[in-house]
Amino acid sequence: MNRIVYMVLKKFGKVPGAWFKLLNYAKNTDKYPQLEKYQHIRYIFKEAIDGGNIDLEIYGTENIPIKDGFMMISNHQGLFDIMAIAAGCERPWRAVLKKELYDIPFMKQIVDCTHSYPMDREDLRQSMKVIQAVTKDLQNGDNFLIFPEGTRSKLGNKTIDFHSGTFKCATKSKCDILPIALIDCYKVLDQKGHKPVKVQLHYLKPITFDEYEGMNTTELANLVRSRIDATLEQYSEE
């Protein structure tokens, strides 16, 4: 049985109420506080994790910056990544996601609730507008999640190239960067069936502006990737 189907069936009694509440939040998103909407999204994700036979091990929550206006940079292994990161982080955040995800039911509602930004990487003008908007929002104290690989890695617990343009938001806003290393998250939806699976989420030590001041975006991308890669190598069993 597909793991998503198994999640839904196991939590069937809670699905309708959670879904219609999410629809209401998405349709009337400006009427509700950001924290209230985010807490409901976390509730859905945590129920899905419990119902999906997923053992999510979370490390380094003490590294999440105390001050809002930080950017989370994570390796990307699949759709489960967002669920894992939200489950581990109590602080509301928004995301920059590829535009194709906005066409998927449930993901569309998540984007609307969090005021996240769909990005069309093929449209340079639209991408620049998103970068400018995210920079401004970071300066105003919003937190963001970005996957600099641009698409999921199909190499298991190995990253692919980080797009340096992702880091323009950081260098312009001078925000703290919170690297995140996800391990074995690809197994959640890639493996057939719904047998128990163990995944890891590591919030790494933040990189402050004082540490990366003077770096160009390529150097910063390489720095962040190197720290994520080191964690993947250390804790992955592959």
Side-chain angles (χ1 to χ4, degrees), residues 3 45-46 49 52-66 70-91 93 95-98 101 121 143-171 175-193 195-238:
R3 192 178 301 273
F45 287 166
K46 291 170 81 171
I49 290 169
N53 280 344
I54 303 163
D55 179 9
L56 173 61
E57 297 181 347
I58 301 172
Y59 303 93
T61 54
E62 71 277 5
N63 290 322
I64 298 174
I66 297 175
F70 59 87
M71 187 164 73
M72 298 186 289
I73 296 291
S74 175
N75 62 311
H76 193 18
Q77 298 191 340
L79 285 175
F80 180 72
D81 299 348
I82 290 178
M83 297 172 65
I85 293 169
C89 184
E90 296 182 356
R91 308 272 287 287
W93 46 264
V96 177
L97 304 167
K98 60 183 180 181
L101 292 177
R121 291 191 178 274
N143 309 314
F144 274 87
L145 168 66
I146 299 180
F147 299 106
E149 292 163 293
T151 187
R152 58 166 293 183
S153 169
K154 296 182 180 180
L155 302 175
N157 291 316
K158 298 184 184 300
T159 61
I160 57 179
D161 288 343
F162 281 20
H163 295 286
S164 61
T166 300
F167 295 87
K168 290 181 180 178
C169 303
T171 57
C175 68
D176 286 352
I177 297 173
L178 179 65
I180 298 174
L182 299 173
I183 298 175
D184 293 336
C185 283
Y186 67 93
K187 294 180 180 179
V188 172
L189 299 179
D190 283 2
Q191 291 184 345
K192 294 181 179 180
K195 292 182 179 180
V197 60
K198 182 192 297 184
V199 302
Q200 298 177 44
L201 164 64
H202 295 260
Y203 294 104
L204 309 184
K205 184 178 178 180
I207 302 172
T208 66
F209 179 67
D210 288 341
E211 186 174 352
Y212 69 81
E213 184 178 9
M215 291 185 181
N216 60 41
T217 54
T218 299
E219 293 170 334
L220 181 54
N222 290 336
L223 172 64
V224 177
R225 183 182 181 186
S226 69
R227 296 195 179 180
I228 293 174
D229 283 344
T231 304
L232 297 178
E233 184 176 349
Q234 179 179 358
Y235 292 99
S236 172
E237 296 181 358
E238 292 183 356

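Taking all atoms of both residues into account, the shortest heavy-atom contact from Thr151 to His76 is C-CD2, 3.6 Å. The nearest pair of heavy atoms linking Ile228 to Pro179 is CG1-CB, 4.1 Å. What you find for Lys205 and Arg227 is that their closest heavy atoms are O-NH1, 4.5 Å. When every heavy atom of Pro148 is checked against every heavy atom of Thr166, the shortest pair comes out as CA-OG1, 3.7 Å. When every heavy atom of Arg91 is checked against every heavy atom of Trp93, the shortest pair comes out as O-CD1, 3.3 Å. The heavy-atom pair separating Ser74 from Phe147 by the smallest distance is O-CD2, 3.5 Å.
Atoms SG and CD1, on Cys89 and Ile64 in that order, are 4.0 Å from each other to the nearest 0.5 Å. With rounding to the nearest 0.5 angstrom, the OG atom of Ser153 is 8.0 Å from the CG atom of Asn75. With rounding to the nearest 0.5 angstrom, the CG atom of Asp184 is 11.0 Å from the CG atom of Asp55. To the nearest 0.5 Å, atom SG of residue Cys185 and atom CZ of residue Phe80 are 5.5 Å apart. Between Leu223 atom CG and Thr218 atom OG1 the span is 12.5 Å, to the nearest 0.5 Å. Put simply, CG on Leu145 and CG on Asp81 are 8.5 Å apart, with the number rounded to the nearest 0.5 Å.
The salt bridge (Lys or Arg N to Asp or Glu O under 4.0 Å) test applied to Lys198 returns Glu57, not counting sequence neighbours. For Thr217, the side chain to side chain contact (heavy atoms under 4.5 Å, CB included) criterion is met by Ser164, Phe167, Lys168, Thr171, not counting sequence neighbours. Remark: Phe209 pairs with Lys174, Tyr212, Glu213 by the side chain to side chain contact (heavy atoms under 4.5 Å, CB included) rule, at least two apart or across chains. With sequence neighbours left out, the side chain to side chain contact (heavy atoms under 4.5 Å, CB included) criterion links Leu201 to Leu56, Ile58, Ile85, Ile180, Leu182, Tyr203. Applying the side chain to side chain contact (heavy atoms under 4.5 Å, CB included) test to Thr208 and every residue at least two apart in sequence or in another chain returns Asp176, Asp210, Glu211. Arg152 pairs by the salt bridge (Lys or Arg N to Asp or Glu O under 4.0 Å) definition with Asp190, not counting sequence neighbours.
Between Phe45 and Ile82, the closest side-chain pair of non-hydrogen atoms falls below 4.5 Å. Looking at Leu232 and Thr159, their side chains come closer than 4.5 Å, going by heavy atoms from C-beta outward. Using a 4.5 Å heavy-atom cutoff, the side chains of Val188 and Leu79 are not in contact.
When only modelled atom types and interatomic distance are considered, Asn157 and Gln77 share a side-chain donor-acceptor pair under 3.5 Å.
Using modelled atom types, no side-chain atom of Asn222 and backbone atom of Glu219 make a donor-acceptor pair closer than 3.5 Å. Under the 3.5 Å distance criterion, the side-chain polar atoms of Asn143 are matched with a main-chain donor or acceptor of Phe70. In this structure, His163 contributes its side chain and Glu149 its backbone to a donor-acceptor pair below 3.5 Å.
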Exercise for review: Show your working on salt bridge (charged side-chain N to carboxylate O under 4.0 Å, His left out) between Asp229 and Lys158 and close with a plain yes or no.
Suggested key: CA-CA 7 Å; Asp229 283 344; Lys158 298 184 184 300; over 6 Å; no
Practice item. May I have the step-by-step check of side chain to side chain contact (heavy atoms under 4.5 Å, CB included) for Val197 and Asn53, ending in yes or no? Key: CA-CA 7 Å; Val197 60; Asn53 280 344; over 6 Å; no
Practice item. Let me see the working for Ile177 and Val224 under side chain to side chain contact (heavy atoms under 4.5 Å, CB included), right down to the final yes or no. Key: CA-CA 9 Å; Ile177 297 173; Val224 177; 4.2 Å; yes
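Under a cut-off of 6.0 angstrom, the local environment of OH in Tyr235 is sparse, with at most 12 non-hydrogen atoms contributed by other residues, nucleotides or ligands.
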